[in-house]
Amino acid sequence: MSTQTLTSADASMARFDKQTTRYGSITMTLGLIFSLLGPIYLVFFSGLEITPTMIGVAFAAVAATFGVFWIVEPLTYFPILGSAAMYQAFMIGNISNKLLPAAIVAQSSINAKPGTRRGDLASVMAICGAATVHLTSLLIFVGLLGSWLVSIVPIEVIEVARIYILPSLMGAVLVQAIVAMKQLRPTIVAITLSLLMYFVVIPLVPSLALFGTALVVLFSIVLSWIVRDRKAVHTTEEA
Amino acid sequence: MYLPLAAADPASTDIWAVANSPFLWFCALGVFAVIFVQTFLYSRAAKAAAPHVDMPLREVKEAFRAGAVASIGPSLSVVLVAIALLALFGTPAVLVRIGLIGSAATETASANLAAQSMGSMLGGDSYTQQVFAVAFMAMSLSGGMWMLCTLLLTPVLKRGSKSLAKRNPAAMALIPTAALLGAFSMLTIAEIPKSNIHMMLVLISAASMAFFLFLAKVLGAKWLKEWALGFAILIAITAGYFMHTA
């Protein structure tokens with residue numbers, strides 16, 4: 001009986017993987033095309049006298065700063081998101097400040113651990129929920145009412161939101177992540193490594209700043225594994 | 001299909017005349033439609049798989065709702081920042097680049113780099129329709145590279161994690177937790193040295209979250225766990241407003 005349940009669980013997760021990979025890569029390709037069509041139209045078909053050199057130089061300037069992140073960010077977030085949610089996250093955007101917090105809340109609200117099957121399904125559903133709220137609020141408050149809101153919201157409020165939104169959000173998200181994970185050792189490892197990276201390593205080797213987050217993620221994984229509570233892992237496996 | 005816009009003029013600084021053209025609206029709504037379709041297909045696939053992994057439909061719905069509620073605070077803050085950028089990029093570009101795919105910080109920086117490469121700057125007298133179009137193209141190409149890398153890397157990483165899961169299931173259980181804590185510690189600590197107000201806000205936001213989670217536990221109020229993020233952002237940003245304007 002128990003082997004049968006296991007196979008059926010494996011088979012249905014395999015089907016889920018296959019479906020999300022197919023749906024995910026097709027929709028992401030479509031999203032990519034739609035996001036490029038607009039600027040292509042503006043640049044080549046609207047009489048703005050833009051030369052390919054202008055585009056080349058501008059793209060090179062952007063690539064010099066962000067090119068590293070094109071590869072490093074997918075690598076950094078894959079262990080957290082899993083393959084299905086990758087196709088959602090990199091199209092919906094605002095990953096660390098919206099999608100991951102939503103996934104953490106959803107997992108802790110049904111008591112699912114990240115990296116388990118229930119955890120993966122919970123975070124995919126949480127991202128679906130977050131996407132629905134996000135698309136709707138963007139369409140209404142920016143698409144429909146944007147130009148009216150910009151005329152009535154005081155300029156200081158918008159200014160404060162722009163400058164201070166990240167610190168106002170990150171402190172809460174970190175506490176939420178720590179409480180939801182309930183893993184003392186990886187928490188200590190992660191915070192110690194971040195402090196070291198930010199206040200010791202980067203001042204000494206400034207060129208590492210671009211890779212700071214990715215390196216902390218990598219070493220948090222390695223070090224948490226080395227100092228893991230072997231007894232606790234053993235008991236959960238038996239239970 | 002050469003369709004010069006009536007209002008298009010390379011040297012004009014009337015950005016909205018080209019930035020809000022119907023075809024750009026069509027493309028922006030296209031991206032929205034694609035994400036809605038993806039969301040629908042994904043939730044259908046998750047609902048089909050859930051009962052086989054000891055996850056009743058009630059929990060699937062619960063996860064959707066928890067994700068939706070938890071994202072209200074972050075979504076509204078993205079909306080506020082997006083509104084601030086309407087004048088620079090027009091509605092369709094803001095919707096796609098700031099609201100979706102990218103984030104305000106990266107996309108504004110990309111647009112600024114592109115404008116500088118043409119000897120201009122965002123919002124200045126030299127910020128013409130031509131500069132806007134080049135900046136929009138550069139940030140869209142850069143965002144496109146993110147998606148392209150995701151499309152190419154995900155299948156490779158998936159094979160790697162599958163073989164690791166077979167050889168070492170205990171490591172696979174630990175990796176997402178350690179990665180998540182590593183990423184958020186680093187992102188949080190990076191905010192602290194920016195200014196005294198930044199440091200205060202990180203502490204206020206962290207303390208508010210701790211308070212709400214404690215309260216939720218004591219009162220057994222599950223809804224408060226989901227709303228906590230929105231409340232914490234509101235408290236911290238209000239404090240930020242008073243410190244900034246004081």
Side-chain angles (χ1 to χ4, degrees), chain A residues 12 16 19 23 27 30-32 34 37-39 42 46-47 49 57-58 61-62 70 74 78-79 83 86 90 93 98 102 105-106 109-110 114-115 117 122 125-126 128-130 133-134 137-138 141 158 160-161 164-165 167-168 170-172 174-175 186 190-191 194 213 216-217 220-221 224, chain B residues 4 10 24 27 30-31 34 38-39 41 43 45 49 52-53 59 63-64 66-68 70-71 74-75 77 79-80 84 99 101 110 113-114 117 133 136-138 140 142 145 147 149-150 154 157-158 176 178-179 181-182 184-186 188-189 191 198 201-202 205-206 209 232 236-237 240-241:
Chain A
S12 61
F16 175 75
Q19 283 176 333
Y23 299 154
T27 46
L30 282 175
L32 178 60
F34 270 117
L37 268 184
L42 211 52
S46 59
E49 295 166 24
V57 173
V62 175
W70 300 338
F78 180 85
S83 75
M86 284 290 278
F90 281 88
K98 187 188 68 216
V105 172
S109 129
I110 66 159
R117 290 162 172 158
M125 283 313 287
C128 287
V133 165
H134 191 64
S137 53
L138 276 177
F141 295 119
I158 290 181
V160 166
Y164 298 115
I165 198 61
S168 306
M170 280 305 164
L174 179 61
V175 169
I191 292 180
S194 308
T213 308
V216 168
V217 166
S220 296
I221 293 172
S224 300
Chain B
L24 295 195
C27 295
V31 178
V34 168
Q38 186 194 53
T39 302
L41 292 173
S43 23
H52 304 279
V53 299
E59 287 188 347
F64 181 90
S71 72
S75 276
S77 60
V79 163
L80 261 185
I101 302 165
S110 302
L113 287 166
S117 81
F136 186 26
M137 185 82 219
S140 301
S142 175
M145 289 303 291
M147 291 163 98
C149 288
T150 305
T154 303
L157 293 168
K158 192 171 144 189
L181 290 168
F184 280 129
S185 315
M186 190 62 189
T188 307
I189 284 166
E191 291 302 317
H198 280 80
L201 295 188
V202 168
S205 143
M209 176 57 89
I237 203 84
Y241 179 80

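Only a predicted model underlies this, so the values are computations on that prediction, with no experimental measurement involved. In what follows, chains are A, B, ... by sequence order, proteins preceding strands, each numbered from 1.
When B:Thr39, B:Leu24, B:Thr188, B:Val31 are compared by the number of non-hydrogen pairs under 4.5 Å with chain A, B:Thr188 comes out ahead. Listed options B:Ala133, B:Ala63, B:Cys149, B:Ala49 were ranked by heavy-atom pairs under 4.5 angstrom with chain A; first place goes to B:Ala63. Chosen from B:Pro176, B:Ser77, B:Ala114, B:Ala138, the residue pairing most often with chain A at heavy-atom distances under 4.5 Å is B:Pro176. Between chain A and the residues B:Ala232, B:Ser71, B:Ala70, the most heavy-atom pairs under 4.5 angstrom are made by B:Ser71. When A:Leu138, A:Ile158, A:Val216 are compared by the number of non-hydrogen pairs under 4.5 Å with chain B, A:Leu138 comes out ahead. Among the candidates A:Ala102, A:Ala122, A:Ser109, the residue making the largest number of heavy-atom pairs closer than 4.5 Å to chain B is A:Ser109. Ranked by non-hydrogen atom pairs under 4.5 Å with chain B, the options A:Pro186, A:Gly93, A:Gly129 are led by A:Gly129. Between chain B and the residues A:Ser168, A:Ala106, A:Gly115, the largest count of heavy-atom pairs under 4.5 Å involves A:Ser168. Contact tally against chain B (heavy-atom pairs below 4.5 Å) for A:Leu30, A:Val217, A:Ile165, A:Ile110: the top residue is A:Ile110. Put simply, of A:Leu174, A:Ile191, A:Val57, the one with the most heavy-atom pairs under 4.5 Å next to chain B is A:Leu174. Taking chain A as the reference chain and counting heavy-atom pairs below 4.5 Å, the highest number among B:Ala178, B:Ala68, B:Ala66 is found for B:Ala68.
With a 4.5 Å cut-off on non-hydrogen atoms, A:Glu49 touches chain B through its backbone and its side chain both. Contacts between A:Phe90 and chain B at a heavy-atom distance below 4.5 Å involve backbone atoms as well as side-chain atoms.
Within the 4.5 Å cutoff, no side-chain heavy atoms of A:Met170 are placed close to those of B:Ser205. You'll find the side chain of A:Ser194 stays beyond 4.5 Å of the side chain of B:Phe184, heavy atoms only. A:Pro74 places none of its side-chain heavy atoms less than 4.5 Å from the side chain of B:Thr154. Two residues are said to be in side-chain contact when any heavy atoms from C-beta on lie closer than 4.5 Å; A:Tyr164 and B:His198 meet this criterion.
When all heavy atoms are compared, the tightest approach of B:Met209 to A:Ala172 is CG-O, 3.3 Å. The minimum heavy-atom distance between B:Leu80 and A:Ala161, with the atom names listed, is CD1-CB, 3.7 Å. Nearest approach of A:Met86 to B:Thr150, heavy atoms of both residues: O-CG2, 3.9 Å. Residue B:Gly240 comes nearest to A:Val160 through the heavy atom pair C-CG1, 4.1 Å, listed as atom of the first residue, atom of the second, then distance. Residues B:Cys27 and A:Leu37 come closest through the heavy atom pair SG-CB, 3.7 Å.
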